[in-house]
Structures are given as structure tokens and as C-alpha cells.
Amino acid sequence: MIKVKIFCQPDGRITGFDVSGHSGTAAAGEDIVCAGVSSLTDTAFLGITEYLHREVSYDAASGKLRMELKDSPDEQTESILQTMLLGLSAIAESYPKAVRILK
């Protein structure tokens, strides 16, 4: 199972995420659930670091990505991270035994 932990401030703004695991819905390299989750989280990470040039702390390894903003979230980081969460929620709804989102 893929577990996605969303880190939030008390006001609900997202400060980061931690995703780990494998869905196990198909063989490695053919798993659309893993590919979808990876695409969304990797794109959010790249959007924040490469496009917005925000500083983050992160840890990346096979089947794992953890990212946290070093500064408070702003409107732009929130847009990227909320969009990522919308996509992850849609995948979790379609594959409830493969993806779990925790807040």
C-alpha cells in the first residue's frame, strides 16, 4: 500500500508531504497506481523547487519522497500542493486498497 502523509498548519495550509510504499496492483514498471502517485508528487516537488524556487527539505529514495517547505506556505505553494492532493485523492478513491492519505 502507498501511504501519503500530508503535513498541514493549524489553518489547513499544506507544508509538505511524505509518500512511501508500493501499491502492489501490478508488476514493477507496469503499475499505473504507483506511476500516477509518483507523477503527482514529483511534479509538485519540481514545481515548488524549480518553478517557484522555494527552499525545501527533502528525502528521496526508491518508493519514497518526503518534502517539507522551509518557509511558511504561500498562495502559490498552496495551489501546487492542493492540486497534488486533489489528484492523489482521486487515485485513492479509485484504488482504496492501494493508496491511503493521512492528514
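Residues Leu40 and Tyr51 share a hydrophobic cluster, clusters being chains of Ile/Leu/Val/Met/Phe/Trp/Tyr side chains in contact below 4.5 Å.
The shortest side-chain heavy-atom distance between Leu88 and Val99 does not fall under the 4.5 Å cut-off.
Among Ile80, Leu81, Leu86, the single residue meeting the side-chain contact (heavy atoms from CB on, under 4.5 Å) criterion with Met84 is Leu81.
Panel note: side chain Lys103, backbone Phe7; no donor-acceptor pair is recorded below 3.5 Å. Of the possible polar contacts, none joining the Thr77 side chain to the Pro73 backbone as a donor-acceptor pair under 3.5 Å is found.
Using a 4.0 Å cut-off between charged side-chain N and carboxylate O, Glu68 and Lys70 make no salt bridge. A salt bridge links Lys64 with Asp18: the closest approach of a Lys/Arg side-chain nitrogen to an acidic carboxylate oxygen falls below 4.0 angstrom.
Atom CZ of Arg66 and atom OG of Ser57 lie 7.5 Å apart (nearest 0.5 Å). Note: Leu65 CG to Phe45 CZ = 6.5 Å, rounded to the nearest 0.5 Å. Ile48 CD1 to Arg54 CZ: the interatomic distance, rounded to the nearest 0.5 Å, is 8.5 Å. Here the OG-CD1 distance, from Ser20 to Ile2, works out to 9.0 Å after rounding to the nearest 0.5 Å. The structure places CE of Met67 at 8.0 Å from OG1 of Thr15, a figure rounded to the nearest 0.5 Å. Taken to the nearest 0.5 Å, the CD1 atom of Ile14 stands 5.0 Å off from the CG atom of Leu85.
Taking each heavy atom of Ile91 and Gly36 in turn, the nearest pair found is CD1-C, 3.8 Å. The two atoms that bring Met1 and Lys97 nearest to each other are CE-O, 3.2 Å, heavy atoms only. For the pair Ile101 and Ala92, the tightest heavy-atom approach, listed with the atom from each and the gap, is CD1-CB, 4.0 Å. Residues Ala98 and Thr25 share a closest heavy-atom pair of CB-CG2, 3.7 Å.
In this structure, a donor-acceptor pair under 3.5 Å is absent between the side chains of Gln82 and Arg13.
Annotation: Glu93, atom CD; neighbour count of heavy atoms from other residues, nucleotides and ligands within 6.0 Å does not exceed 12. At most 12 non-hydrogen atoms from other residues, nucleotides or ligands lie less than 6.0 angstrom from CD1 of Ile32.
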